[in-house]
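All remarks here apply to the structure that follows.
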Amino acid sequence: WQHALQELASALNGTGSGPASVTAVGAAINACGRASRWQFSLHLLRAAPDWSHRPDIVACNSVVSACERGSAWRIGLQIAEEVGLLGLKPTVVTFGAVINSCRRGSWWEGALASLSRMQTVSLSPDLVVWNNTISVCEAASQWQLATSMLHSTTSQQLKPDVTTFNATITAQGQGQQWQAAISLLWELESHGLQPDEYSFNAAMTACGSANQWEQALELFSSMPGHSVTPTANAYNALSTASCNATAWETCLFCLSSAASAADAVRGMPLKEAAIGFSVAQSACWKAREWEWALHLLDARHQEWQNRQAQEKGDVDHPWSSSYFSSSSSSSSSSSSTEVGGQANSCQASPGDLSSTQMYYMLNFPNLIGRCNPDECTAEAILDRLHHPQAMVVVPSQGKLYFSDSNKDEDGIFRSNFDGSDVEEVVRDISSWGLSIDEDEEKLYWTDIVRGQICRSNLMGTEVEVLFEEEYSEPYGIVFDRRGRKIIWTDYGAGSIRSLSLDAEGGMKVLEVLADNLTHPSDVAIDESQATVYWTDGGTFKVQRTQLTSNGKATGEVQDVVTHVKDPHGLAFDQQSGVLYWTSTGTIYDAPKKPSSPKSNGKIQRLNVRSVDSELPLEKADLAETVLSTGRSRPISVEVLNAHDARCSKTGRRPLRVGDSVRLRGDLPTTDESFRGPLRLGDVGVIAANDKSDQPFMVNVGGQEWWYREDALEFH
């Protein structure tokens, strides 16, 4: 896709082998779409008319499909609605892409409406479109509609295939219609079709949903008689159906048999091994078979260590609670924690926040982890996510907020620091940026689908839309505590924007801090230096701009780090002055192929305050690598400094009356703060505050003195 964009850019600039054509624009859109770069595809589609090239229906179809693959299905539906306005005639592929997008959002009404609309434009659905519509009904738990569509295939002059039946059986399982599911399984042969393993697995799962594990066992036993050889997936389906207090022995049998079927557990695919262990463990706990449950837990951990030793660098382990371990770097300039490798003894215990913690978010696998960036500690704390995009840590609440997209809905969720107690906060939003105002206890987010900047309280209620603009694509966001403003990136417009808030939290001034950028993603701020940083995936840079003393834009954009392979997430440690960023580092050896093992995702950092005069850093490799993720794509990073409760997307929680404080240890002895009663090591209590330059009156053993905020730290 990069090559296609370069070719198009050369053609537009007149330096290519020929002038830009509709075909060239379409080729670039299709290439970006195949690579799941829906933002680039959408941008090219929007910009094509400006180049006097009206996009064709193939390009529109490609953008809709790309949006669906990138979890931006609502944008894809919007593009499909605009096809007629562009003077184009939708095709079967167009409607198929729309129905796939509806499947992503479990929007069965939209899928059926698209199917009906096909007839109004004299198009007949093919079997693929019909099957996908049944899958939408299945995802939305509409088993009656799925069954009705199966029986309507004849009237549509379509011949159902195994996929048609499998999707319907799965839908009936969602509705606990185990008898109907079994009936459909046997109906396959009357249509001249041979049930496959998926057919049996779906029927067994339907039995399990209704606690009919004996029926599931009977189906499993009949598989060889229908020329279907059970694999690990089949054993796991039976085990899941049998996961109750009375059938725990069946689950153990399934795990053992699945291992044998795959030539020992080590030969099983990782995902199937994970399911087998998890289900068997759960059944043993329910049956109060503690010894077996603990034995499985130990075996599971041992199996993980064995795989690490044998498959170093492979991180697709969705069930492990400890994905990462240390690996000494050969570079003298950095020491990084690397994905894969041997387990180590210096792993932080859950909930340990006695030191700086770096939280990171990965795609493929989709998880959130944390580590001490200065030591060899790392652990996955949330490992069953669907398509996470953004996160923010809230020290005062002890909570981690994150956005995620799944087949049912998009939303913002929160958990404890160790990943426990996950709960939904805001639903039905597609947020790629989160930030917090801890002082006012407000949650801010971007909604890239609706083009909105929104906020709510920390419980997700009292939602307000602060900014909304058609075709805007707000992406990353950060709350500037000192300037009382929200700052965000507009991915499509290529700009950094800010919105000032008055004392009551209302909107005040909208300003563009930087413009004419390519594709800015995440954003962070150094509050003490009034400097805004962002990543730009279009230029492969980390950049910044300085704000004036009154918070206005200077208009100057400076490169901080260049040649960063697909920069994305960004965080700033307010205490140390260290900037963190993520680099997906994805490499594809060929179109439509999986990412190459040569891909090298990483999280890096640089103390920008100490090397300010030496910037820009011309090669990202010169920065320190904190975490290497291989083929996994790090997309977000957060830094929490427990010493003074700072977080990169919140700033330090403002000091309040009643807080225990002490002088900062890095203050020079000549600082005027030493004129007061506080000495290094002493602890005082804030007795009052005002809005002056020295707002906090600290009581120390009956003596009182006024101090600057930056001279104090939490005790």
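Numbering of residues begins at 1 and proceeds along the displayed sequence. Note that the coordinates shown come from a computational prediction; the quantities given were computed from them, not determined experimentally.
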Legend entry - Given Lys442, Lys485, Arg484, the one that forms salt bridge (Lys or Arg N to Asp or Glu O under 4.0 Å) with Asp437: Arg484
Inset, instruction - Please check if the side chain of Thr489 supplies one atom and the backbone of Val523 the other of a donor-acceptor pair under 3.5 Å. - result: no
Inset, instruction - Flag the pair Arg609 and Asp526 as a salt bridge only when some basic side-chain nitrogen lies within less than 4.0 angstrom of an acidic carboxylate oxygen. - result: yes
Legend entry - Minimum heavy-atom distance between Pro634 and Gly601, given as atom pair plus value: CD-CA, 4.0 Å
Inset, instruction - Mind checking side chain to side chain contact (heavy atoms under 4.5 Å, CB included) for Arg675 and listing every partner two or more places apart, or none if nothing turns up? - result: Glu672, Trp705
Legend entry - Contact check, side chains of Ser628 and Thr625, non-hydrogen atoms, under 4.5 Å: yes
Inset, instruction - Start with the C-alpha gap between Leu640 and Phe417, add the side-chain angles, then the distance that decides, and say whether side-chain contact (heavy atoms from CB on, under 4.5 Å) holds. - result: CA-CA 11 Å; Leu640 173 64; Phe417 281 159; 3.9 Å; yes
Legend entry - Listed partners of Leu617 passing side chain to side chain contact (heavy atoms under 4.5 Å, CB included), at least two apart: Val561, Leu606, Leu622, Ala623
Legend entry - Rounded distance [0.5 Å steps], CG in Leu627 versus CD1 in Ile603: 5.0 Å
Inset, instruction - Could you tell me which residues satisfy side chain to side chain donor-acceptor pair (under 3.5 Å) with Gln529, sequence neighbours excluded, listed by chain and number? - result: none
Inset, instruction - Carefully, step by step, assess Leu712 and Leu663 under the rule side-chain contact (heavy atoms from CB on, under 4.5 Å). - result: CA-CA 5 Å; Leu712 302 172; Leu663 287 180; 4.3 Å; yes
Legend entry - Salt bridge Asp671-Arg708, side-chain N to carboxylate O under 4.0 Å: yes
Legend entry - Partner residues of Lys399 under the side chain to side chain donor-acceptor pair (under 3.5 Å) criterion, sequence neighbours left out: Asn416
Legend entry - Spacing of NZ belonging to Lys565 relative to OG1 belonging to Thr584, to within rounding of 0.5 Å: 7.5 Å
Legend entry - Among Trp581, Phe540, Tyr580, Tyr475, ring pair (Phe, Tyr, Trp, His ring centres under 6.0 Å) partner for His568: Tyr475
Inset, instruction - Given side-chain contact (heavy atoms from CB on, under 4.5 Å), test Leu382 with Asp404 step by step and report yes or no. - result: CA-CA 11 Å; Leu382 284 165; Asp404 191 17; over 6 Å; no
Inset, instruction - Indicate whether any N or O donor in one side chain lies under 3.5 Å from an N or O acceptor in the other, for Thr535 and Asp522. - result: no
Inset, instruction - With the side chain counted from C-beta on, respond yes when Ile381 and Leu400 share a heavy-atom pair under 4.5 Å apart, and no when they do not. - result: yes
Inset, instruction - Could I get the full list of side chain to side chain contact (heavy atoms under 4.5 Å, CB included) partners for Thr545, not counting sequence neighbours? - result: Val532, Trp534, Thr554
Legend entry - Audit row: Glu469, Arg497, salt bridge (Lys or Arg N to Asp or Glu O under 4.0 Å) steps and yes/no: CA-CA 12 Å; Glu469 185 175 272; Arg497 295 183 170 187; 3.1 Å; yes
Inset, instruction - Answer yes or no: is there an ion pair linking Glu440 with Arg455, defined by an N-O contact shorter than 4.0 Å? - result: no
Inset, instruction - Check the angle between the aromatic planes of His519 and Tyr491 and answer parallel, tilted or perpendicular using the 30° and 60° thresholds. - result: parallel
Legend entry - Min side-chain heavy-atom separation Pro474-Asp447 under 4.5 Å: no
Inset, instruction - State whether a side-chain donor-acceptor pair under 3.5 Å links Ser405 with Asp410. - result: yes
Legend entry - Straight-line distance of Glu638 CD to Met361 CE, nearest 0.5 Å: 9.5 Å
Inset, instruction - Give, for atom CD1 of Ile453 and atom OG of Ser498, the distance between the pair rounded to the nearest 0.5 Å. - result: 11.0 Å
Inset, instruction - Over all heavy atoms of both residues, which pair between Ser521 and Gly537 is shortest? Give the atoms and the distance, please. - result: OG-N, 4.3 Å
Inset, instruction - For residues Arg481 and Ile525, determine if any side-chain heavy atom of one lies less than 4.5 Å from a side-chain heavy atom of the other. - result: no
Legend entry - Inter-residue atom distance Thr539.OG1 - Leu517.CG, 0.5 Å rounding: 8.0 Å
Inset, instruction - Determine the sole option in Phe467, Phe479, Tyr444 for which the ring pair (Phe, Tyr, Trp, His ring centres under 6.0 Å) test with Trp488 is passed. - result: Phe467
Inset, instruction - State, yes or no, whether a side-chain contact exists between Phe402 and Leu385 at a heavy-atom distance under 4.5 Å. - result: yes
Inset, instruction - Supply the atom-to-atom distance Gln604 CD to Leu579 CG, rounded to the nearest 0.5 angstrom. - result: 11.0 Å
Legend entry - Nearest heavy atoms of Ser435 and Val392, plus distance in Å: CA-CG2, 4.2 Å
Legend entry - Non-neighbouring partners of Asp559 that pass side chain to side chain contact (heavy atoms under 4.5 Å, CB included), sequence neighbours left out: Lys541, Gln543, Thr562, Pro616
Legend entry - Heavy-atom pair with the smallest gap, counting every atom of Leu434 and Ser403: CD1-N, 3.8 Å
Inset, instruction - Would you mind reporting whether Leu466 and Ile486 have side-chain heavy atoms less than 4.5 Å apart? - result: yes
Legend entry - Shortest non-hydrogen separation from Asp536 to Pro567 and the atoms involved: O-CG, 3.5 Å
Legend entry - Main-chain N/O of Gly630 paired to Arg633 side chain as donor or acceptor, under 3.5 Å: no
Legend entry - Nearest atoms (heavy-atom pairs only) where Gly577 meets Asn607: O-OD1, 3.3 Å
Legend entry - Test item: Val626 and Tyr360 side chains (from C-beta on) under 4.5 Å apart, heavy atoms: no
Legend entry - Candidate pair Cys454 and Val465, rule side-chain contact (heavy atoms from CB on, under 4.5 Å), full reasoning: CA-CA 4 Å; Cys454 305; Val465 178; 4.0 Å; yes
Inset, instruction - Determine yes or no for a side-chain-to-main-chain donor-acceptor pair under 3.5 angstrom, with Gln574 supplying the side chain and Glu527 the backbone. - result: yes
